[in-house]
Number of protein chains: 2
Amino acid sequence: MTRPPSTRILLADDHALVRRGVRLILDSEPDLTVVAEAGDGAEALALARVHAIDLAVLDVAMPRLTGLQAARELSRRSPATRILLLSMYDNDQYFFEALRAGASGYVLKSVADRDLVEACRAVMREEPFIYPEALTALMREYLQRVARGERLPGSILSAREEEVVKLIAEGRSSQEIADLLVISVKTVERHRANILAKLEMRDRTQLTRYAIRAGLIEP
Amino acid sequence: MTRPPSTRILLADDHALVRRGVRLILDSEPDLTVVAEAGDGAEALALARVHAIDLAVLDVAMPRLTGLQAARELSRRSPATRILLLSMYDNDQYFFEALRAGASGYVLKSVADRDLVEACRAVMREEPFIYPEALTALMREYLQRVARGERLPGSILSAREEEVVKLIAEGRSSQEIADLLVISVKTVERHRANILAKLEMRDRTQLTRYAIRAGLIEP
DNA sequence: GGCGGAATCCGTGGCAGCACCCATCCCGGA
DNA sequence: TCCGGGATGGGTGCTGCCACGGATTCCGCC
């Protein structure tokens, strides 16, 4: 009998060493084949244009275009392509954002290699994959929020707010940001206040860590 | 003729997926064998105690004990063991700190898999390994500093200062830090000022990014 | 056509971050 | 022995962060 064709995978991560390792893991499975590698989100989109891709495995934090941004664009341009996001961080905020960005799965880099392979297969079977660690963490978080009567998924930042977060996390002052964006200092402060409220944070250091987790800037 | 025995490697990285990939890369070389894996610096030290290790490949940023801290301890306890530090970041500051911590090599995760293998071999031959990207960057930096008549290697933080950096980067206020360390707020501010001067930085957001790069905290 | 949300701007005010000056104590190395 | 550096504490003052109130415009959606 004929076996089903191997899943054609696009792999994107900004670290060549990690890319190579993950590729070895995936290629050792007969039903998974990495057909293209990208070092950032923009390159991933370009490669997705010229290659026939079944599945894109994208690191969340990449220069130029983050994995989340690339996922949004990719799912818009070719909805048939499945997307799996790789993340360093176990954070429900990003998990929900990943789903919103069109990803079918979200896998932590801290998990074992078997889980990644299983996630690829689950996503190709059109089953959403949730890694077990996230499942418990998400359920705990969900139950806590429901118990406190909060609306659950939490807030996402607008494009403008994301822009401001990026600049704040780069260490720019409000005045500098105002000059760069050609808006008033007060508006920058208003944005910052809204962002801090949305993310339930207190100051710029926490925003900096958020921006790094989200892949908006590099440490 | 008998071939030389394979190098016994301890591999430490907090991401199981990365660990697995790097292990595949190393194990595919006949002269390199990963005999133990650790998920953080403390576990790495414990494993180095019970295994016969020729070479430790340590990620710089790990929870509990960072790769730099583990390297310091490991080179003190068993100077014969070679140490190779893996880093996400191309930063001369960390490069020098790595050497000071007793490492024989410093490899970026952005480099190709061949370079890691070559670095392992070079280190085992007692040749210090410097990846080409760093070489040019370090030389450029070096020449700039010499041209400006500065003392070159730059400053390293004291243990106390490192402690303060960690708390600042976690988003604590000066008052909170003072309470935690049972010192005056003024002393915290004095430490912060010294740290900012040493690292040639401006504010807490940059310190936050520094702490993440150094593996003192997780994003 | 109203309604909500995003983006823009303004004022007031407190407190913290940060700069620059100062001092003391202790310890280890020249 | 003295010197230097680290850790500690203090004073003064400016600037910027951040909270709190308000406002307008525009746009898309029901």
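What you see below is based on every heavy atom in this structure, not just the backbone, and it leaves out hydrogens, waters and symmetry mates. Letters go in sequence order (proteins before strands), and every chain restarts at 1.
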Given [options], the nucleotide with the shortest approach to the side chain of [X]:
X	options	value
A/Ser184	C/dC9, D/dG9, C/dC18	C/dC9
A/Arg190	D/dT8, D/dG22, D/dG10	D/dG22
A/Lys186	C/dA19, C/dT12, D/dG6	C/dT12

Exceeds 12 heavy-atom contacts within 6.0 angstrom, atom CZ of A/Arg23: yes

Does A/Arg72 have more than 12 heavy atoms from other residues, nucleotides or ligands lying within 6.0 Å of its CZ? yes

Qualifying residues under side-chain hydrogen bond (donor to acceptor under 3.5 Å, both in side chains), relative to A/Glu163, sequence neighbours excluded: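 Testing A/Glu163 for side-chain hydrogen bond (donor to acceptor under 3.5 Å, both in side chains), a comparison that skips the adjacent residues, returns A/Arg160.
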
Value in whole Å for how far the [atom2] atom of [N] lies from [atom1] of [X]:
X	N	atom1	atom2	value
A/Leu157	C/dG5	CG	P	16 Å
A/Ile177	D/dC18	CD1	P	10 Å
B/Leu196	C/dG17	CG	C1'	10 Å
B/Arg172	C/dG17	CZ	P	13 Å
B/Asp203	D/dC17	CG	C1'	11 Å
B/His191	C/dA19	NE2	P	16 Å
A/Arg192	C/dG17	CZ	P	13 Å
A/Ile183	C/dC10	CD1	P	11 Å

Using the rule given for salt bridge (Lys or Arg N to Asp or Glu O under 4.0 Å), can you reason through B/Lys109 versus B/Asp13, listing the C-alpha separation, both sets of side-chain angles and the distance that settles it, and then say yes or no? CA-CA 12 Å; B/Lys109 283 193 182 174; B/Asp13 192 300; 3.1 Å; yes

Sub-4.0 Å heavy-atom contacts from residues 158-170 of chain B onto DNA chain C, ordered by number: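 Close to the strand, none.
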
Of B/Arg204 and B/Thr187, the one whose closest DNA chain D nucleotide lies more 5':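 This one resolves to B/Thr187.
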
Tell me whether the OP1 or OP2 atom of D/dC17 has a side-chain N or O from A/Ser174 closer than 4.0 Å. yes

Are any of A/Arg202's side-chain N or O atoms less than 4.0 Å away from OP1 or OP2 of D/dC18? no

Taking B/Ser158's backbone N and O only, do any of them form a donor-acceptor pair with B/Glu162's side chain (distance below 3.5 Å, no angle check)?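 Pair absent, no side-chain N/O of B/Glu162 close to backbone of B/Ser158.
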
Tell me whether B/Arg77 contacts the main-chain N or O of B/Ser75 through its side chain, where contact means a donor paired with an acceptor under 3.5 Å.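 Answer holds: no.
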
Using the side-chain hydrogen bond (donor to acceptor under 3.5 Å, both in side chains) rule, take B/Thr208 and A/Arg209 through it: C-alpha gap first, then chi angles, then the decisive distance, then the call. CA-CA 7 Å; B/Thr208 301; A/Arg209 296 169 71 182; over 6 Å; no

Would you mind classifying the nucleic acid contact of A/Asn194 as base, sugar-phosphate or nothing, using non-hydrogen atoms under 4.0 angstrom?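 It contacts nothing in the nucleic acid.
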
What is the nucleic acid contact for B/Gln175, judged by heavy atoms within less than 4.0 Å: base, sugar-phosphate only, or nothing?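 Nothing, no heavy atom under 4.0 Å.
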
